[in-house]
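Only one structure is covered here, and it is reproduced in the block below.
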There are 4 protein chains.
Amino acid sequence: MNFCSDNVTEVCPEIMAALIAANEGAMMPYGADEYTQRLEAKFSSIFETPVTVFPVATGSAANALALSAIAPSYGAIYCHAESHINVDECGAPEFYTGGAKLVTLNGTDAQIHPSELSNTLEKAGAGIVHHVQPAAVSITQATEAGTVYLPEEKSEIAKITHAHNLYLHIDGARFANAVVSLDCAPADITWGAGVDVLCFGATKNGAMAAEAVIFFNQDLAKTFAYRRKRSGHLFSKMRYLSAQLEAYITDDLWLKNASNANQMATKLAQGLVELPLVRLCHPVEVNEIFVEIPESVVNGLRADGFQFYVWQEENLPIIRLVTTFNTSDEDVDAFLKSVKRHSVVDLME
Amino acid sequence: MNFCSDNVTEVCPEIMAALIAANEGAMMPYGADEYTQRLEAKFSSIFETPVTVFPVATGSAANALALSAIAPSYGAIYCHAESHINVDECGAPEFYTGGAKLVTLNGTDAQIHPSELSNTLEKAGAGIVHHVQPAAVSITQATEAGTVYLPEEKSEIAKITHAHNLYLHIDGARFANAVVSLDCAPADITWGAGVDVLCFGATKNGAMAAEAVIFFNQDLAKTFAYRRKRSGHLFSKMRYLSAQLEAYITDDLWLKNASNANQMATKLAQGLVELPLVRLCHPVEVNEIFVEIPESVVNGLRADGFQFYVWQEENLPIIRLVTTFNTSDEDVDAFLKSVKRHSVVDLME
Amino acid sequence: MNFCSDNVTEVCPEIMAALIAANEGAMMPYGADEYTQRLEAKFSSIFETPVTVFPVATGSAANALALSAIAPSYGAIYCHAESHINVDECGAPEFYTGGAKLVTLNGTDAQIHPSELSNTLEKAGAGIVHHVQPAAVSITQATEAGTVYLPEEKSEIAKITHAHNLYLHIDGARFANAVVSLDCAPADITWGAGVDVLCFGATKNGAMAAEAVIFFNQDLAKTFAYRRKRSGHLFSKMRYLSAQLEAYITDDLWLKNASNANQMATKLAQGLVELPLVRLCHPVEVNEIFVEIPESVVNGLRADGFQFYVWQEENLPIIRLVTTFNTSDEDVDAFLKSVKRHSVVDLME
Amino acid sequence: MNFCSDNVTEVCPEIMAALIAANEGAMMPYGADEYTQRLEAKFSSIFETPVTVFPVATGSAANALALSAIAPSYGAIYCHAESHINVDECGAPEFYTGGAKLVTLNGTDAQIHPSELSNTLEKAGAGIVHHVQPAAVSITQATEAGTVYLPEEKSEIAKITHAHNLYLHIDGARFANAVVSLDCAPADITWGAGVDVLCFGATKNGAMAAEAVIFFNQDLAKTFAYRRKRSGHLFSKMRYLSAQLEAYITDDLWLKNASNANQMATKLAQGLVELPLVRLCHPVEVNEIFVEIPESVVNGLRADGFQFYVWQEENLPIIRLVTTFNTSDEDVDAFLKSVKRHSVVDLME
């Protein structure tokens with residue numbers, strides 16, 4: 001059983017069916033197909049505002065392209081030190097922006113705290129030629145620690161961001177999980193809370209390889225099509241990207257998939273906290289669990305066939321468990337049973 | 001009936017079946033899946049030499065990434081003026097290399113002529129600090145004019161390229177069509193003819209979105225993985241790229257698909273040259289036909305429901321016709337019949 | 001005697017005196033000195049319009065920085081194939097723009113012809129995502145062939161440029177020589193003729209190392225200060241750049257220096273055309289002469305101690321002769337005498 | 001009296017004399033002059049090992065170019081959070097490297113501590129495609145806090161750097177001050193201590209605008225000439241850069257100038273610590289003093305005509321005082337007298 005990541009899963013049935021259905025006959029390339037053509041209207045409806053939408057295949061591409069549209073090469077992008085754009089994209093934002101600087105902030109649960117952001121921007125040296133120029137703030141929703149920003153926190157960050165004439169970007173690789181967790185309208189935690197551009201993930205939540213870059217501030221989208229083409233991210237057979245996204249947002253599939261993932265994480269977390277020797281590192285608000293666990297239990301779980309990443313190899317290792325659209329009650333029960341069994345052994349030793 | 005391009009088609013049945021088959025259970029991401037793991041051995045077998053292989057989703061990405069691995073930012077890349085990398089990628093090679101310069105050569109049928117290449121490199125200013133430094137030669141096989149380089153022509157180009165300490169890159173978006181046309185071993189027109197790196201296309205020949213960057217000169221591949229990740233072209237659910245490529249090179253599917261495309265182009269060309277008022281602009285050696293045709297016939301064809309691109313809007317327009325893995329005899333017959341009908345009308349006027 | 005280039009000379013006495021005079025006491029750095037502070041007013045007066053001015057030390061820096069301020073990374077810059085930015089800056093414009101493409105035009109005497117520019121821009125694919133996007137036109141005044149654009153030619157080019165929403169850049173490494181040659185107001189061949197940004201050279205005309213990037217379209221200057229700093233071209237002891245420029249434009253020194261250079265070139269050309277075996281390749285309109293001359297004469301001149309570049313090593317070599325602010329009548333006479341002597345020998349053989 | 005920085009001074013007499021002496025007659029450009037030609041031998045002698053030397057005009061250019069020669073675009077450069085390359089160059093290293101990431105370390109007195117470096121490199125993810133790849137370590141000698149690394153500290157850093165296959169770069173904007181402070185051979189704190197490339201500053205210590213990029217690891221220098229030209233930092237009239245550097249290293253001028261600056265700083269610091277209300281923030285090891293001082297004293301000093309930067313505007317402001325090659329005993333006495341006078345007033349209030 002694989003709890004490594006939400007990118008280890010197969011494609012969910014509805015999206016696979018959509019790909020098969022799209023595989024009929026010739027269609028004009030590069031987005032001139034019917035699937036792509038109707039995508040913007042569908043996203044505009046979901047977000048209750050006109051949006052400009054660009055499908056791309058990967059989250060790193062989505063983030064880096066979006067950031068390159070809002071930060072100049074001499075710009076500074078403020079983000080959390082643990083953010084995916086800072087840690088896990090091999091410098092993609094720097095490459096796409098032509099060398100902008102990611103200025104990192106700290107904060108518990110992988111969240112930027114408005115006051116630290118405010119202090120940092122005050123001292124950032126806007127207008128002083130020796131310093132990179134503040135351009136954008138990027139936050140992740142849900143965060144890399146499996147937590148969510150509340151709408152009011154996001155509004156506060158957006159207010160500070162805009163007060164300094166910066167733009168606000170959301171890395172939404174797990175955006176669906178955040179919406180489900182907050183039980184809010186998508187608008188409430190995006191443009192309603194001051195977001196300029198959102199990278200709306202689907203791959204981690206059941207798609208094959210599809211993300212949508214969504215501009216609420218549509219003026220910022222003007223150069224995007226050239227940037228996407230120039231980076232090799234414009235698909236010729238675009239219908240297959242768009243069909244994934246269309247299926248994903250049809251009949252609330254994105255929310256249903258995320259609901260299952262979130263519920264399974266909650267169940268897993270509840271089971272874990274009842275056990276001795278186990279400590280949750282962050283609140284479990286979406287589909288990721290970071291948990292401190294004895295090494296013997298880690299080894300026992302692996303011997304039982306469970307897969308997961310060790311996040312920090314400390315005395316007491318921290319492991320990450322990620323649930324997905326197709327994690328089942330049985331998967332969770334089996335995992336908890338295994339932990340329990342190995343913990344008992346550990347306690348007895 | 002759509003003769004616009006080989007990227008207007010659906011995915012061929014064998015590749016779609018492979019995608020469906022790959023959609024079973026969890027697999028480790030980013031290429032740690034079984035499909036990707038066995039890909040290099042399969043390609044090495046097809047090319048009869050050990051190769052390093054990187055799947056990516058688009059041809060522009062494949063080309064730009066490959067070129068960035070062989071040309072420094074202060075480098076010059078020699079290519080035909082009509083080449084896809086020069087004309088149709090919105091500057092992707094320049095972006096990925098950090099600003100290398102594409103130096104364009106002319107030559108009939110979209111082919112670089114060895115003597116012009118040689119003359120150009122002699123005067124290129126290697127070692128002189130004022131000039132961009134010769135780094136790579138890029139040719140397209142089959143070319144953008146639907147022609148092929150003969151193995152001996154390619155060897156001659158490679159010899160010149162290497163004599164000047166440059167690397168040879170092939171844009172092989174239609175590589176299968178070239179192999180079929182030349183009826184040669186893939187090795188003969190790649191490493192056997194001095195090629196360092198090949199962008200091996202599948203998308204235009206039946207895949208959904210899959211290309212393989214194949215390094216024959218494996219030393220050049222060392223930085224590629226970082227470049228691919230950094231540009232957002234490393235797929236998390238990599239199995240779906242690799243499964244396409246695997247199916248594509250299994251049981252000679254790539255050659256079968258290309259054979260049909262080439263045969264249909266030949267048939268179409270043979271039908272066209274028998275007609276009055278029609279002139280082929282280039283030899284028809286693969287699956288592309290460039291043909292001069294009266295405007296009235298262009299309009300007639302369109303009225304009959306045929307789709308194609310007008311390549312040059314001159315007095316006598318030049319249109320491009322592209323046949324594909326699933327173009328049928330009936331498609332070709334219908335097109336020829338329509339041309340004939342409208343030509344007669346034109347002659348009578 | 002050195003006719004290689006106008007960059008082989010020492011610094012002219014007035015500018016050296018200004019450097020010595022500026023070397024008094026502490027001054028605030030990075031342009032907060034009195035010399036730099038008053039520079040914009042002085043240039044605005046010379047050009048009879050408000051301008052924004054940035055001193056830099058080299059012509060390549062001036063050109064590349066100016067182009068990066070007016071062309072995006074996915075942009076196309078139209079220039080002559082023989083232009084300095086295309087041939088002699090090791091790809092600096094591509095580096096500074098993040099990979100924009102220099103699209104080259106031909107034309108006699110190193111001049112872009114309005115009709116070719118117009119035709120090229122018509123077909124450039126503005127708004128089509130596959131193609132680099134037309135952004136700027138760059139011309140050199142005086143040109144690399146030692147000729148000048150007439151005000152009306154430049155106006156025509158500017159009109160076409162602006163009609164396509166592009167910006168017009170002038171490489172003015174020898175701008176003073178052009179002004180003297182045309183005997184016009186500086187305004188007439190810059191903003192009066194539609195120029196957006198001028199790289200105003202001083203180094204080739206008596207300065208140590210100083211050029212001014214002058215924005216007539218001052219909106220375009222907004223990002224320049226960051227680009228200059230970020231590329232290491234903001235001098236801390238800026239007074240020494242500004243003092244050079246100030247001296248250069250004071251009391252018409254720039255025009256006086258250029259007048260001498262132009263006059264000596266005219267005299268030299270007049271002497272040359274009277275000789276047999278000698279052919280001027282371009283009209284001599286400023287301070288550069290390109291002349292076809294027998295190889296034996298080339299060798300004879302060298303034996304007599306004259307230095308110059310052989311521009312093309314053909315059967316009949318073409319040499320370039322450049323006169324400068326301090327070329328004297330005696331220098332020219334000596335050179336002509338030497339040519340004459342070696343030509344006679346050549347004719348007798 | 002100006003204590004703002006060592007870049008507010010005029011050029012020292014010996015270097016100005018050298019510039020005047022170099023201003024005689026024509027010389028071939030771009031480094032083909034006698035001054036530049038003999039520079040490498042002279043630097044090799046000073047460093048007691050063969051070195052490759054490239055003169056450039058600014059420290060930012062020197063640093064960014066040197067880093068671009070040792071770090072790929074997907075690389076990580078480890079430096080102190082307060083380092084000039086991280087804070088004060090508007091992102092120049094990112095621009096020149098094509099987007100490498102500066103990973104910042106902390107440490108007292110603006111110094112990287114070997115153990116933190118070691119820990120950071122252990123966890124840096126070398127070879128893991130998701131992370132930027134460790135490429136270089138950059139330290140400043142003397143540091144931005146006016147302190148120096150001891151030879152053994154530098155050796156320790158170099159050992160860690162090389163053990164991880166990275167290169168070691170020194171920002172030596174105040175290298176002369178460090179050599180004087182340590183009273184060591186230049187070799188001892190450069191190649192003898194494992195340094196690969198040094199940016200050897202002259203501008204802050206009496207030159208007009210001149211720095212030398214010195215490669216001890218000469219293999220790393222191969223691409224530098226192209227990078228310098230391509231960034232507009234190759235001077236045509238190179239003799240004027242080289243003449244500055246030659247004079248600077250002739251007859252120990254660089255050490256004499258630095259000695260005065262260091263001595264005056266020591267004297268100033270000694271005077272300050274005897275005063276009440278004043279606290280030194282860092283050891284004073286070269287020519288910079290960071291001192292906590294009451295706001296009333298700051299205002300009093302300014303009223304008396306002293307210039308300096310307020311480094312941190314806290315309750316108790318921290319000011320920076322920089323002494324230079326031409327700071328005199330009288331300057332220091334006058335400053336101390338003014339501090340004393342205003343401190344007494346402050347104490348009495």
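The chains referred to below are lettered A, B, ... by the order of the sequence lines, with proteins before strands, and numbering in each begins at 1.
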Q. Is the backbone N or O of A:Ser328 less than 3.5 Å from a side-chain atom of A:Asp331, with the two atoms forming a donor-acceptor pair by type?
A. yes
Q.
With no hydrogens and no angle check, just 3.5 Å: does a side-chain donor-acceptor pair link A:Asn257 and A:Asn205?
A. no
Q.
Using 0.5 Å steps for rounding, measure from the OG1 atom of B:Thr324 to the CG atom of B:Asn287.
A. 8.0 Å
(Q) Less than 4.5 Å to any heavy atom of chain B: does that hold for the side chain of A:Asp88, its backbone, both, or neither? (A) backbone
Q. What part of A:Ala207 is in contact with chain B, defined as an atom under 4.5 angstrom from a non-hydrogen atom: side chain, backbone, both or neither?
A. backbone
Q) Would A:Thr327 and A:Gln263 count as a side-chain contact (heavy atoms from CB on, under 4.5 Å) if you check the C-alpha gap in whole Å, the side-chain angles of each, and the deciding distance to 0.1 Å? A) CA-CA 9 Å; A:Thr327 303; A:Gln263 282 168 22; over 6 Å; no
Q. Are any of the side-chain heavy atoms of A:Leu102 and A:Pro93 separated by less than 4.5 Å?
A. yes
Q. Are B:Glu10 and B:Met16 close enough that some pair of their side-chain heavy atoms sits under 4.5 Å apart?
A. no
Q | chain B contact residues among residues 29-38 of chain A, heavy-atom distance under 4.5 Å | A | A:Pro29, A:Tyr30
Q.
Once you measure the plane-to-plane angle for B:Phe200 and B:Trp254, does it fall in the parallel (<30°), tilted (30-60°) or perpendicular (>60°) bin?
A. tilted
Q | Close contacts, residues 229-236 of chain A versus chain B, judged by heavy atoms under 4.5 Å | A | A:Lys229, A:Arg230, A:Ser231, A:Gly232, A:His233, A:Leu234, A:Phe235, A:Ser236
Q: With a 4.5 Å heavy-atom cut-off (strictly below), which parts of residues 17-24 of chain A touch chain B? List them by number.
A: A:Leu19, A:Ile20, A:Asn23, A:Glu24
Q: Could you tell me which non-hydrogen atom of A:Ala69 sits nearest to which non-hydrogen atom of A:Phe224, and how far apart they are?
A: CB-CD1, 4.4 Å
Q) Given a strict heavy-atom distance threshold of 4.5 Å, which part of A:Phe3 is in contact with chain B: side chain, backbone, both, or neither? A) neither
Q) Between B:Ala66 and B:Val213, what is the shortest heavy-atom contact and its length? A) CB-CG1, 4.0 Å
(Q) Please identify, among A:Gly98, A:Cys90, A:Ser5, the residue contributing the most non-hydrogen atom pairs under 4.5 Å to chain B. (A) A:Cys90
Q) Would A:Asn86 and A:Thr104 count as having a side-chain donor-acceptor pair, cut-off 3.5 Å? A) no
Q. Does the B:Thr203 side chain pair with the main chain of B:Ala210, one donor and one acceptor, at a distance under 3.5 Å?
A. yes
Q: Anything under 30° is parallel, anything over 60° is perpendicular, the rest tilted; go ahead and classify A:Phe95 against B:Phe95.
A: parallel
(Q) Please check this pair: side chain of B:Asn7 against backbone of A:Lys237, looking for a donor-acceptor N/O pair closer than 3.5 Å. (A) no
Q.
To the nearest 0.5 Å, what is the distance between CD1 on B:Ile15 and CG on B:Leu245?
A. 8.0 Å
(Q) Is it true that A:Glu89 and A:His84 share a donor-acceptor pair across their side chains at a distance under 3.5 Å? (A) yes
Q) Top residue by heavy-atom pair count (under 4.5 Å) with chain B, among A:Cys4, A:Ala26, A:Gly59, A:Ser60? A) A:Ala26
**Q.** Contact leader toward chain A among B:Ala92, B:Ala62, B:Ala61, B:Ala209, where contacts are heavy-atom pairs under 4.5 Å
**A.** B:Ala92
Q) Which atoms form the tightest heavy-atom contact between B:Cys12 and B:Leu253, and what is the distance? A) SG-CD2, 3.9 Å
Q) Checking heavy atoms, do the side chain of A:Arg239, its backbone, both or neither come under 4.5 Å from chain B? A) side chain
Q. For A:Met208, is it the side chain, the backbone, both, or neither that has a heavy atom closer than 4.5 Å to a heavy atom of chain B?
A. both
**Q.** Pairing residues for A:Tyr240 by the ring-ring contact (aromatic ring centres under 6.0 Å, His included) criterion, not counting sequence neighbours
**A.** none
